[in-house]
Structure formats: C-alpha cells, structure tokens
Protein chains: 4
Amino acid sequence: MKTPNPARRNEQSRRAILSAAFDLVAESGYAKLTVEAIAARAGVGKQTIYRWWPSKGAVFVDAVLAVTGDEKGHLALPDTGDLGADLRAVLRAIVDEYNDPRLDTMSRAMTIEALNDPGINTEIVERIMGPHLEATRERLRSAQRAGQVAEDADLDVAVELLYGPIYHRWMLRTAPLTHEYADTVAEFALRALRAA
Amino acid sequence: MKTPNPARRNEQSRRAILSAAFDLVAESGYAKLTVEAIAARAGVGKQTIYRWWPSKGAVFVDAVLAVTGDEKGHLALPDTGDLGADLRAVLRAIVDEYNDPRLDTMSRAMTIEALNDPGINTEIVERIMGPHLEATRERLRSAQRAGQVAEDADLDVAVELLYGPIYHRWMLRTAPLTHEYADTVAEFALRALRAA
Amino acid sequence: MKTPNPARRNEQSRRAILSAAFDLVAESGYAKLTVEAIAARAGVGKQTIYRWWPSKGAVFVDAVLAVTGDEKGHLALPDTGDLGADLRAVLRAIVDEYNDPRLDTMSRAMTIEALNDPGINTEIVERIMGPHLEATRERLRSAQRAGQVAEDADLDVAVELLYGPIYHRWMLRTAPLTHEYADTVAEFALRALRAA
Amino acid sequence: MKTPNPARRNEQSRRAILSAAFDLVAESGYAKLTVEAIAARAGVGKQTIYRWWPSKGAVFVDAVLAVTGDEKGHLALPDTGDLGADLRAVLRAIVDEYNDPRLDTMSRAMTIEALNDPGINTEIVERIMGPHLEATRERLRSAQRAGQVAEDADLDVAVELLYGPIYHRWMLRTAPLTHEYADTVAEFALRALRAA
DNA sequence: CTATAACCGAGACGGTACGTCGGGTCTTTTA
DNA sequence: TAAAAGACCCGACGTACCGTCTCGGTTATAG
C-alpha cells in the first residue's frame, strides 16, 4: 500500500466529499449511505475517497467532526456558582439536542459506526465526547473547591451519573426525554455528589 | 404477498437457522453475518429464511432471544434487606456480563440492530431489558416500603441512575468496567435515592 | 469455484445476452464492447454473464456462432465439374463477405479474440473455419478423382494456397479485394495444383 | 493542444519507455501491457508517454520498430539464380521466425494493434512488411527476366501466394509450421508462377 | 551568464469498467 | 406441497487503468 502525499491533496474535493456524506445521511438516513452515492454527489471519483479514508464510516465521522468542530470554544460549562442550576441547564441542552431529529439521526449513525469499528469509537470519544466530558469534570472540580461536591467523589463516575441516565433512555427509547426528566436526573446527581 | 401457514412450519429448520445465526456472530462477528451464510450453515434454502423473518436482524434477535429466553425465572433481584449489598451484587453481575467477550459481542450486535430498526429496538427492550428493569424497580419499591428509598423517588429514573452509568461506560469504552466501579455506582445511587 | 447447473439455465437470458453482444459490436465496434453494456442491453445481471462465460470474448464468439451456426447445410462447395469455375465462385463469395462492412467488423473482432486467447482461437477455427476448409478439401478430392488435381498434392496446403492470399490481403489491407483478384488467385492455384 | 518541441525531447526517457514496453510484453504478454506499467518500469511520468505517443499501441509498435529497425540492410533476398532454392530459404527463415516464441508473441501483439487501429496497421505494413514484400517482388522480377516466371504474372499476387499460406497457418494455428511445409508452399508457388 | 520557458518525475484527479458479494425474488426438483 | 437448492436481477463493493491536470525540479536555449 502506497500512502498518498497529503500536500497534494485537493481541498475542494475533500470538502465536497464531507458535505456530500453529511447531507446524504441527513436526507436518506445512514443505512442508505454508500461510497458511490457520496462520490456521485460530490462530483468525485470513488478512488479519491478510498485514497484518503479507509471506509465510508470514517468519511461520515470526519463529516460530522467537520461540522461539529466548527463550534469549538463554547465548551466550558456555565459556572454561575449555583451548581444545581448549571447542571440542569446542561442536561436540558443535551435533551434538546437528542430531541432534534437531525442530531438524533446523526448520533445514532455515529453510534453504529463506533460499534462496528473500535478505531472509530476511539476517535469519536476522544474528539467529540472527550472535550465535553472534561468540561463537565472541570465544572465539578470547581464545585468541589466550593464545597458543594464531596472532596473524595470520583469525578469520572460523576459525569457518568449525569449523562448515563439520559444516554440510556435515549438509546433504548424507553421513555421521552423531557426537561422535567433532565431536572430529575440533575437533582439525583446533586444528592449523590454533595458533601456529606 | 402470501402469509405462510405457521402450523406447517418446519421446527427443525427454524432451530437450525437460529443456532446458525447465533454461532456465526459468535465466530466471526456481526458484520460478517449474511443471510446466505446462515442458510448455508443451517442447510436451508434462503427462501425459508425470508418466509419467516423480515431481515437478518430479526433472525439474529430471535436467535439471541432463543438462547436468553431459556434462563427465564431467575429474574427477581435478591432481596436480603440490605439494599446496598443487593445493588452491588446486581451491578457486579452486569459488569461481569459485559466483560464476557461473547456477551459483549452479542450485546453490541443487538444494539446495532436496535439502532437500525425501531421495531427491533422495541422488541429487544420489551423482551430482554424490560423484565430486568421491572425486577429492579420491584426491588426498589420494596426498599421504599422499608424506608430506605425516598417515597417520592421516580423509580423509572432510579433504574437509569443504576444502569445508565455502566451502559455509558460500556458503550463508549471510556474506562474499564470493574467490580470497584460497580460498587462506586451503587454507592452514588444509594445516596441519591435514600430518604432525606 | 462452483460450477452452475446448466439444466436450470434461463434460455431467454442466454439469448438476450448473445444478441446484445452481437448488436453492440455491430453498432459501436468491438473495442467498446463491455460486459456491463451487454448486461444492461440484455436486461440481465452481470453475474449471469460471469456465471456462464469466462470472458466477454467468449460471449462474443458464442454470439457470432449463434448467428453463423444457423446457416448450416450449404457448406458443400459447388461441384459443376469445372474446377476453375467452382473455385472462382467460392473465392469471389469470400471476397464479397470480407467487403461487407458488417462481416468485416465481426471477423476482425473474432481475430482479436483468437489472438488473445488460444482457447477461443481453437473454438473459432474448429467451429467456423474448420467445416469450410473441410468442404474445400472435399471439392479438391473430387477434382483429384477427376484427374484435374495432382494425385500427390497435399490438400491441407492446397486450401491455404486458395485462402491464404486473400486472408493475407484482407488482414494487412495491402490492396483492395476484388473479384478480379479472386480470379487471379484461383488461376494461380489451379496451375499449382493441376496434375503434371 | 500544444505540440511539444522535439528538440527538447529527453532521449534517455524515450529509450527507457520503448524498452520498458518491449520487455513488459515479452515478460507478461500484450494483454497486461498498460501505460502505467510502462511509466513505472521506465521510471518516467505518464505524461511523458502521452506527450509523445497517442496510445500504448503506438508506443509498442515504436518499440518493436526500434528493435527491428536495427537490422536494416539485409533486406534483399538471396539471388543465387536458383529461384526454387532461394524461395525455400526465405520461407524456411520466416517459418523459423514464427516458431520463435518471442517473435511469435510480438507478432501477435502487433497484429492486435493493427486490427484495432488502421493507422497503426498502415505504419506496420509500410515500415515492416512493406520493405520485405518489395524485396520479394524484386527477386521475382529478376526471375521474370531470367524467364523462370511468367512475364504477365501479377507479382503483388505472387508474393501473397508465397506468404499467404504461411500467414494463414500461423494466424489460425491450424497446423505446425515446419521446413517441410515451407518447401511445399515454395513448390506450389513455383508451379503457379512459372512460364507456361 | 543569467532567466525563463520547456520538459521531466511524480502522482492526485474525475471517470469507466472490472469481477465479486450479497440482497431479496422466483423457479425447478426432491421428499 | 413445503422446503432444498440455486439461478436470477440488481446495487454496491473495492481495484485497476485511463487520460488529464497540477506540482516542484532540472535542463537548455535566448536575452
């Protein structure tokens, strides 16, 4: 296998491919995404896709990252001093995202890809979830300093306490994701975390 | 489309198909599961599969259910009176299951199917997760009666508080699933749920 | 490689494939003949072609044979007793065939296939040229009996003496193929063959 | 389209391309000859090939000519006064060439090219066959002067009478090309041509 | 004796066709 | 008369080459 020279890469084609992949999933769902369709929509030869990505899943993840990545910066969670309010705000925002059909579709597609390919899973977790989880830990650390969270609380578990329930309900569709539900989860988490 | 007569169904073929599907996933992973491979392995015509199942996903889910379903009965959670001990025992058992490579593979395959097809998702949730979640709620209800859990606690959320973090960590592979971790989750949940 | 069962072969598809191949060459030339085009024109899956033929060349040869083969029966050369007249008639007929653009195209395409694949060459020679050459030898044998051709003349070479010059001129396009030319070749051959 | 300046042409590249093309056919057969393979083997950019040749066929023909062309000069046929002996010698030499696997491969490849492209056919005929045919005609003219060949014999047809049978047998592989066969052909031709 | 244009190696690009795999349907043969 | 066997149409796969098109780098005349 000869590795291509990235310096010579056609930036225009790269962008056309990513946006074609993204749009196709948005329009027809991930199951109908094919490399040929991406190539056709992007006005590109199939080989140009295979030259730079190992699979259609990788293309799709890159496409989502290209869109998501633009939103860099507003990663830090609000820190009003009122931990409960801040957590409720974050969980409600997440619930809103999952309720957006577009984002719902994309997220489930990403999840399928992550399940099929551990490498893609790593990439997704590191580049998308990771920063968000770290921002959440940072907020909790701040709360620890303020004495609102037990000093010895394991913050890795703490974030899972916050996001795990919502993720569970979203994945399994066991019940609707509402703001009220977000508040309940936040309330439970607060109780679990607060200093004795 | 003609609906076949279930009475005339060949039970031997049915079983051969289900066990072929199950074994193929166990051996080569879900991605390589094909209807043709199932038919060949089961010594069955493809049409016999399409006659009774709408998709390979449905076959696979049925196959898992056929295996899982045999374990009926021991669904009730232990109730020693010590809620903390009981929850730790349950979460440790779940962690063990996720750490079993065979079950891990099957669970991820099921998850992909559920993501691809809402109908299959419903079936999985109702027939596999449902009874388990209900058993957990039942144990928590018992704890409520014993005054160990707040009377007004939303038990639907409570079970997500228990299983959500573990599910989150398993799905995203963010960190290993250990007994210690199970204990930590149980501990947090207990604090969140206990009566003020 | 599993060999398919000829008994189950779809006769309609077979015919559609052969006539599609033939027509495509007649319309656009052999260089533009592709398996995909044959499949599309015949309303057939590519696999159905690959199942029964090893290459597009084999399909094409079969197609020509299907057309040519129908003309069975009039293989015997005329035998008026006048060998010279009979040979002139045959060579003129051959010259006419080579001058028909349709047949010219087909013949050159066949020749390319024969050059690329010795197996196809054998098939062409045996099924198309062979009977014709044998018929010619038979006419010459008759002439030997009549004392018009030397008894010890090698008839295998004799037919090459008749057809070789025309074939040479046709293949290399060194000069036009006319009836006059056919007569000249026949005249030379007669002189070469006649009993001393 | 801009025509490049031949003065600036890299002679080293030209030679590398021709010999790469020749060697590749000798090693793997004409069917596997590709422009990319030639470029790679010659250590040359593809564009350098397309700049100077219109097709891979043209490259190959040039390659053969470059090799063949070196043998210039010995084109004249032997003229010992014994026409029969001279013709037998020439036909035997031709038979030997066709029996050399290397030359056989090259000749068939050239023939395919000639069939595919009339322009190449012309070039081959004029530059390779032409001089040889003319030399043969010249020898026959000499024989006419010596009264060994009929004065009114059409010499264009005469050379075809000599080479046509061999060409026919070589192309169709109907029988082996032996010296004995060459002698037989020469004998027939002599009889056909001699003055009455 | 530069400089500026050309050719050159390299190889990415938009395409076409390849030969294969598998999906889901339809037909023929066997028990 | 259902089921096995498997041929069929179809769509997509990932690969091989096509012929075109930049990219620097290197000659090699023309100023």
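Every chain is numbered from 1, with letters handed out A, B, ... down the list of sequences.
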Could you list the residues that satisfy side chain to side chain donor-acceptor pair (under 3.5 Å) with Asn121(C), not counting sequence neighbours?
none
Covered region of DNA chain F, 5' end to 3' end, by chain A [heavy atoms, under 4.0 Å]
dA12(F) to dC23(F)
Applying ring pair (Phe, Tyr, Trp, His ring centres under 6.0 Å) as the test, list every pair that has at least one member in residues 4-41 of chain C; sequence neighbours left out.
Tyr30(C)-Phe60(C)
What residues from residues 15-25 of chain B pass a heavy-atom cutoff of under 4.0 Å to DNA chain E?
none
Would you please name every residue forming a side chain to side chain donor-acceptor pair (under 3.5 Å) with Glu126(B), sequence neighbours left out?
none
Using the closest heavy atom to pick a nucleotide of DNA chain F for each, name whichever of Pro6(C) or Ala7(D) lands nearer the 5' end.
Pro6(C)
Arg173(A) meets the salt bridge (charged side-chain N to carboxylate O under 4.0 Å, His left out) criterion, sequence neighbours left out, with none
With Trp52(D), which residues qualify under side chain to side chain donor-acceptor pair (under 3.5 Å), at least two apart?
none
Using a 4.0 Å heavy-atom cut-off to protein, can you give one letter per nucleotide of nucleotides 12-21 of chain E, 5' to 3': B if the base is in contact, S if only the sugar-phosphate is, - if neither?
BBBB-SBBBB
Which residues pass the salt bridge (charged side-chain N to carboxylate O under 4.0 Å, His left out) test with Lys56(C), not counting sequence neighbours?
none
For Arg41(B), enumerate each residue passing the salt bridge (charged side-chain N to carboxylate O under 4.0 Å, His left out) test, keeping only those at least two apart in sequence or located in another chain.
Glu27(B)
With Asp104(A) via salt bridge (charged side-chain N to carboxylate O under 4.0 Å, His left out) - residues at least two apart:
Arg108(A)
Nearest heavy-atom pair of Leu18(C) and Val59(C): which atoms, and what distance?
CD2-O, 3.7 Å
Salt bridge (Lys or Arg N to Asp or Glu O under 4.0 Å) pairs, two or more places apart, involving residues 6-16 of chain C:
Glu11(C)-Arg14(C), Glu11(C)-Arg15(C)
